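The next block holds one structure in the form of structure tokens; read it before the comments.
Just so you know, these numbers come straight off a predicted model, no measurement behind them.
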Amino acid sequence: MRTLSTPSPALICPPNLPGFQNGRGSSTSSSSITGETVAMVHSPPPTRLTHPLIRLASRPQKEQASIERLPDHALVQVFSFLPTNQLCRCARVCRRWYNLAWDPRLWRTIRLTGETINVDRALKVLTRRLCQDTPNVCLMLETVSVSGCRRLTDRGLYTIAQCCPELRRLEVSGCYNISNEAVFDVVSLCPNLEHLDVSGCSKVTCISLTREASIKLSPLHGKQISIRYLDMTDCFVLEDEGLHTIAAHCTQLTHLYLRRCVRLTDEGLRYLMIYCTSIKELSVSDCRFVSDFGLREIAKLESRLRYLSIAHCGRVTDVGIRYVAKYCSKLRYLNARGCEGITDHGVEYLAKNCTKLKSLDIGKCPLVSDTGLECLALNCFNLKRLSLKSCESITGQGLQIVAANCFDLQMLNVQDCEVSVEALRFVKRHCKRCVIEHTNPAFF
């Protein structure tokens with residue numbers, strides 16, 4: 001039997017699954033497949049298909065299944081909606097589908113999931129096949145998402161770095177086996193990379209160019225990295241010096257998430273504001289060493305800042321909130337949950353200066369009362385989301401003032417607050433589209 005000369009795209013098929021024999025795939029959906037990735041050379045599809053669900057395919061040519069009547073461009077359009085593993089399965093149906101499944105337009109994105117998949121081998125086989133027409137480079141590939149693939153190692157990232165010069169988006173969230181060196185290779189060899197998600201990669205402590213790339217760059221380039229979106233959530237070992245290096249190389253950052261980077265301090269934020277002056281969204285939630293001095297640095301972003309999360313930064317008080325409110329007048333989203341030093345005075349200053357605020361979370365701020373809510377309601381008419389969870393000083397009177405002024409309210413969280421059923425009904429009458437999250441069993 002003659003076999004195809006290129007590797008099969010059946011990369012997401014476990015070798016020992018029942019119903020998978022001699023290179024033929026069963027009708028089992030991909031969501032139930034968790035076996036190790038394998039690459040194989042397969043034979044052309046059999047001439048007789050006996051599976052009852054696809055018996056139409058064995059009829060004479062004039063009685064083809066309706067999907068076979070579709071022209072090539074229509075089938076390619078259908079394939080464009082499939083994830084990588086399903087596209088690989090389609091390539092094994094017949095020779096025509098094999099050729100269509102490898103249409104370069106379908107391979108702008110590779111998306112693999114699964115804790116047990118051998119993602120290093122999968123990336124190697126896929127990139128080798130995609131490089132067939134353009135030796136050693138995948139010019140069409142722009143996005144690689146392997147989040148949650150815990151078996152990903154530096155070897156897999158090296159493959160991406162060497163074969164994907166046009167890469168723009170890389171997601172490796174939860175891949176804790178990758179190191180700084182592999183990430184450096186990717187950002188150095190993929191000059192168009194704009195979106196990088198390394199959240200949960202505990203070994204990653206910095207984002208920088210390799211030494212070789214730094215030497216080769218011209219002075220006009222400035223040794224900069226074009227990343228605009230960077231998520232380093234749960235990179236626990238990131239320190240101020242690492243953030244300094246990131247800021248110095250990634251000056252075009254607009255979105256930066258540093259949630260639970262517990263070693264960061266105000267000094268790291270000072271470095272960040274020196275180099276990255278275009279940040280629109282910033283999260284330093286659960287960074288317990290960030291204080292009012294850090295917020296003073298963040299306030300230097302001025303009207304460019306639209307999103308700020310300082311949840312559970314216990315050292316933040318009204319002083320820090322005043323800095324942000326005074327200079328960041330176009331702020332749309334603020335998460336200050338668990339900042340117990342915030343009082344009505346901080347909320348009042350925020351409401352009077354950030355009148356375009358749309359989302360505010362001041363849950364678990366026990367010093368915020370109805371007085372603060374009244375100032376908020378009389379100034380922030382565009383408020384759509386408000387969380388007051390576990391605010392012990394809030395009563396139904398404060399909620400009624402909010403509902404009477406913020407008609408566009410869509411979400412209100414008053415869990416663990418002592419508010420009456422009448423107040424909740426008042427909110428529902430005035431804010432028709434509002435979803436109320438509460439813990440009052442009498443209200444439904």
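Checked by atom type and distance alone, the side chain of Ser188 never pairs as donor or acceptor with a backbone atom of Asp185 at under 3.5 Å. A donor-acceptor pair under 3.5 Å is formed between the side chain of Ser393 and the backbone N or O of Pro366. Thr159 contributes a side-chain N or O that, together with a main-chain N or O of Arg155, makes up a donor-acceptor pair within less than 3.5 Å. A side-chain donor-acceptor contact under 3.5 Å links Asp240 to the backbone of Thr265. For Arg260 (side chain) and Thr233 (main-chain N/O), no donor-acceptor pair under 3.5 Å exists by modelled atom type. Distance alone, capped at 3.5 Å, is enough to place a donor-acceptor pair between the Asn413 side chain and the Gln415 backbone. Judged by distance alone, with hydrogens and angles left aside, the side-chain atoms of Asn180 form a donor-acceptor pair with the main-chain N or O of Thr205 at under 3.5 Å. In terms of modelled atom types and a separation under 3.5 Å, the side chain of Asp231 and the main chain of Asp197 share no donor-acceptor contact.
Between Tyr229 and Tyr257, the distance separating the two ring centers is shorter than 6.0 angstrom. Aromatic ring centres of Phe426 and His430 lie closer together than 6.0 Å.
The environment of NZ in Lys358 is sparse: at most 12 heavy-atom neighbours from other residues, nucleotides or ligands sit within 6.0 Å. Surrounding CD of Glu302 are more than 12 heavy atoms belonging to other residues, nucleotides or ligands, all under 6.0 Å away. When the shell of 6.0 Å around CD of Glu437 is examined, it contains more than 12 heavy atoms from other residues, nucleotides or ligands.
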The test is ring-ring contact (aromatic ring centres under 6.0 Å, His included); show your working for His244 and Tyr275 and say whether it passes.
CA-CA 9 Å; His244 185 184; Tyr275 300 98; 5.7 Å; yes
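Put simply, the side chain of Leu238 reaches to within 4.5 Å of the side chain of Leu264, judged on heavy atoms.
Side chains of Ser329 and Ser303: no donor on one and acceptor on the other come within 3.5 Å. Side chains of Ser387 and Arg337: a donor on one and an acceptor on the other come within 3.5 Å.
For the side chain to side chain contact (heavy atoms under 4.5 Å, CB included) with Leu152, the lone residue among Val172, Leu112, Asn118, Asn177 that qualifies is Val172.
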